[in-house]
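Both backbone and side-chain heavy atoms feed into the values below; hydrogens, waters and symmetry mates do not. One-based numbering, in listed order, for ligands and for the atoms of each. The model shown is predicted, which means the values in this text are computed figures rather than measured ones.
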Amino acid sequence: MAKLTDPVTMLKGVGPARAKQLSALNIRTLGDLICHFPRGYEDRTKLVAIESLQVDTPACFRAMVMNTPRVSHIRKGLDIAKVQVADHSGRLNLTFFNSPYVTDMLQYGREYIFYGAVTGDFIGYNMTNPVFEPLDAPAVTTRRVLPIYPLTAGLSNAVLLKTIRQALAICDPPEEIIPEEVRNRYHILPAETAYRVIHEPASMEEAMEAKKRLIFEEFFVFSAGLSLLRASRAEKRTAPYQNRNMQPFYATLPFSLTGAQRRAIDEILEDLSRGAPMNRLVQGDVGSGKTMVAAAAIYCAAGNHKQSALMAPTEILAEQHYASLKKLFAPLGIRIALLTGSMTQKQKRETREALAEGRIDAVVGTHALLTDDTTFCDLGLVVADEQHRFGVSQRSKLSGKGGEVHLLVMSATPIPRTLALLMYGDLDVSILDELPPGRETVDTFLVGESYRPRINAFIRKQVQEGHQCFVVCPAVEENEELGIKAATAWAETLEKTVFPDLKIALLHGQMKGSEKEKVMASFARGEADVLVATTVIEVGVDVPNATLMVIEDADRFGLSQLHQLRGRVGRGKSKSYCILTTHNRNPDTLKRLKALCKTTDGFQIAEEDLKLRGPGDFFGSRQSGLPAFRVGDMSGDLTILKEAQAASAKWIDEHGAEDTPQAKALRLRIGELFLRAEGTMN
Ligand code: ADP
Ligand code: MG
């Protein structure tokens, strides 16, 4: 028997070239092969009569060959074989391109099972290159459910399927890590069965059972990992913060806090004085005032002679935080510093020295703060802004590093409550579900292409009034077919033909990090009138002077994402607008987009997204900072996720610390999953 860790090259037919193709799919071992799950299936189990074949819809049918295949040599490199087949309901002409073998394999008077799609023209129906098997041959490519795999250049589905089956034939699938009692309770297939059936199901029902088990398994492992993380932190102790006098802080604020902000701050103060490290997520819509909540925590830490580090996902966000916190903290005597990669070596060295010697109370920087050689005199609190970039592996790394450090993560991505528990099971959650008073909502409109002249006029009007505009496109490169406005091409059009007198800037994900920051910073300084961008602008950069956001082909985005994008405007004093354009006429799509025009409540929008598109979107997005789950989309079944979470929490509680082989195997798998998560971050 081979082992899961054995290299793929031990399989027949897998030489260096094939191994290289496989490695493009991150497949190196037999285990990787077995865990390369199909992204879908083709149901070829049902047989259809020829007369019931639908144009362009592939199906299986049983038919007899009515003549000997005739081959015509058209030109060099092009041979065509034609043959007619029939069943009780009708006849059909088949055409095979460059398939010399069919003349031998399709015999006059014999019956075969075919699988293919008919195409229709005015002469009649025809089918090109169907797959087929003799009626009495074993069913391999017809009469069964065919797994469809994620592929890479040069590697066909058939070859991949064969290779995976070969691996399964000589190697046992990953061992069972879901306890029997849990499997029985939730009607979950055993590992042995599931890993085989997912690759060769006898029916769609079987395939779905296997998929359910594997989703359950991944989520069981993930939630168990979060539970262990939480449990290990719960054992840690810190000196409780005694000084909880926040009056001076509140007194300097230029406004009074919202009820939600106060509640979150109270929860944080409670955490800080408990004597165990805080692990809290503050979720709040764009503009709900998360920075003030973080500032309160930093103030409390400083009052207890502890240093804080505030981490932002980009340098420019770090600079913005630094500027606003500096203003706030100066009168309070709290010493704050900035530490980013673009500062000079000398500046950085001085700041680091001051930090190490305790002459600085709080430092603002990027995530590099945690990884580089920055040392603290007495670090007490880490705040991570825009949590989605601060994933589970960073969370576990941090708690492994300075165990006594309080952690506060802030996220502007509203996650429905049910999902938040599943995704952040290791964190306590505070929700800012209230905006500061006097905030004007961003008026949102959904329009079709006929409004183009009015949109352009509106952009011009905003610019003439001294404001700036965002224009967001769904893709970087032009995709004619879908009519998607590529950011690059659109920026060029706007610059050359529509607004030759305005300054147009371009920002997209294929640009280098430093370049992106430069463009964004320059736009924030007002050096361009219109910024054409892809979704890279999602992360919370503040450009209060931007009052208009145009989102092209808005139907291409998820609702939550659109809401997130819309949050880039309406941050200043002037009235702001969001225009969604679409070519789409689908009533459901339009209804979905109209919902966005009616509400600005991110949590409500997220719930709507969850209902419409399933949890897959929340888990799938790179931004979730979660591990890359292997079972395709996590979409559809929220119940499986909830069951897996409940089961794992219970099991970890009762058996997690045991030294049984099962507990050990589970811990190993958790380690692997969290390790894999790192690749998905940033
Ligand atoms: P976000 O939650 O998106 O990070 P910020 O913390 O950046 O929001 O706050 C957005 C703006 O609202 C800032 O200009 C901030 O000063 C202001 N703000 C925060 N809290 C309040 C409040 N309670 N009343 C009025 N303005 C507030
Ligand atoms: Mg913010």
Side-chain angles (χ1 to χ4, degrees), residues 246 249-268 280-299 308 310-332 336 362 364-367 382-390 408-415 429-442 470 520 524 537-547 549 560-561 563-574 576 578 600-603 605-606 623:
M246 299 295 287
F249 176 76
Y250 292 145
T252 48
L253 292 181
F255 40 69
S256 55
L257 295 170
T258 65
Q261 282 172 316
R262 278 188 183 275
R263 273 194 300 280
I265 292 172
D266 285 345
E267 284 166 344
I268 290 166
R280 184 166 291 278
L281 169 71
V282 175
Q283 270 211 338
D285 226 333
V286 175
S288 57
K290 291 182 291 294
T291 319
M292 282 309 133
V293 173
I298 294 171
Y299 179 80
S308 303
L310 172 63
M311 302 187 303
T314 62
E315 293 207 352
I316 154 163
L317 262 177
E319 280 161 21
Q320 286 190 346
H321 278 316
Y322 171 69
S324 56
L325 289 179
K326 192 175 163 156
K327 218 169 16 183
L328 182 69
F329 282 147
L332 292 164
I336 183 163
V364 183
T366 59
H367 291 167
V382 168
V383 182
D385 193 18
E386 302 301 335
Q387 177 277 337
H388 48 270
R389 298 290 183 90
F390 191 72
L408 183 65
V409 286
M410 302 193 294
S411 170
T413 316
I415 305 282
V429 180
S430 300
I431 291 185
L432 299 184
D433 50 5
E434 193 181 335
L435 291 182
R439 200 61 64 75
E440 267 199 86
T441 54
V442 177
F470 290 106
M520 202 60 224
I537 57 158
E538 234 178 290
V539 169
V541 172
D542 215 2
V543 186
N545 191 40
T547 50
M549 156 95 27
S560 296
Q561 203 182 9
H563 176 65
Q564 215 49 45
L565 286 167
R566 176 170 62 179
R568 298 297 104 224
V569 295
R571 313 191 111 205
K573 292 183 186 68
S574 309
S576 295
C578 177
T600 48
D601 178 342
F603 286 96
I605 291 166
Q623 303 201 336

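- Scanning all protein heavy atoms for the shortest distance to atom 23 (N) of ligand 1 gives Gln261 OE1, 2.9 Å.
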Could you check Ser411 against Leu281 for side chain to side chain contact (heavy atoms under 4.5 Å, CB included), going step by step and ending with a plain yes or no? CA-CA 7 Å; Ser411 170; Leu281 169 71; 4.0 Å; yes
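- At least one donor-acceptor pair under 3.5 Å links the side chain of Lys290 to the backbone N or O of Gly284.
- Listed by chain and residue number, nothing satisfies the salt bridge (Lys or Arg N to Asp or Glu O under 4.0 Å) test with Glu315 (two or more places apart in sequence, or in another chain).
- Note on ligand 1: Ser288 sits in its first shell, one or more heavy atoms being nearer than 4.0 Å.
- Within a 4.0 Å radius of atom 2 (O) of ligand 1, the protein contributes one or more non-hydrogen atoms.
- Within the listing of ligand 1, atoms 23 (N) sit less than 4.0 angstrom from a heavy atom of Leu257.
- What sits closest to atom 13 (C) of ligand 1 on the protein, heavy atoms only, is Arg439 NH2, 5.0 Å.
- Considering both main-chain and side-chain atoms, Met292 never comes within under 3.5 Å of ligand 1 through any nitrogen or oxygen pair.
- The closest approach between a heavy atom of Ser256 and any atom of ligand 1 is below 4.0 Å.
- With Leu317, Asp385, Thr291 as candidates, the residue nearest to atom 7 (O) of ligand 1 on a non-hydrogen basis is Thr291.
- Under the 3.5 Å distance criterion, with hydrogens and angles disregarded, a donor-acceptor pair is assigned to the side chains of Glu267 and Ser430.
- For ligand 1 and Asp285, the ligand atoms under 4.0 Å from any heavy atom of the residue are 2 (O).
- Rounding to the nearest 0.5 angstrom, the gap separating the CD1 atom in Ile298 from the CG atom in Leu325 is 5.5 Å.
- The protein atom (non-hydrogen) at minimum distance from atom 9 (O) of ligand 1 is Gly289 CA, 3.7 Å.
- In this structure, Arg263 and Asp433 have side chains that are in contact, with non-hydrogen atoms separated by less than 4.5 Å.
- Distances between N or O atoms of Gly287 and those of ligand 1 include at least one value under 3.5 Å.
- Contact analysis puts Arg571 in contact with ligand 1, with a non-hydrogen atom separation below 4.0 angstrom.
- Looking at atom 21 (C) of ligand 1, its nearest protein heavy atom turns out to be Phe255 CE1, 3.3 Å.
- There is a protein heavy atom less than 4.0 angstrom from atom 19 (C) of ligand 1.
- Annotation: the span from Arg280 atom CZ to Ile268 atom CD1 amounts to 7.0 Å, rounded to 0.5 Å.
- For Lys326, the side chain to side chain contact (heavy atoms under 4.5 Å, CB included) partners at least two apart in sequence or on another chain are Tyr322, Ile336.
- Taking OG1 of Thr366 as the start and CD1 of Ile316 as the end, the distance is 13.5 Å to the nearest 0.5 Å.
- The backbone N or O of Met292 sits nowhere less than 3.5 Å from a side-chain atom of Gln261 that would complete a donor-acceptor pair.
- Near Thr258, meaning under 4.0 Å from one of its heavy atoms, ligand 1 places the atoms 23 (N).
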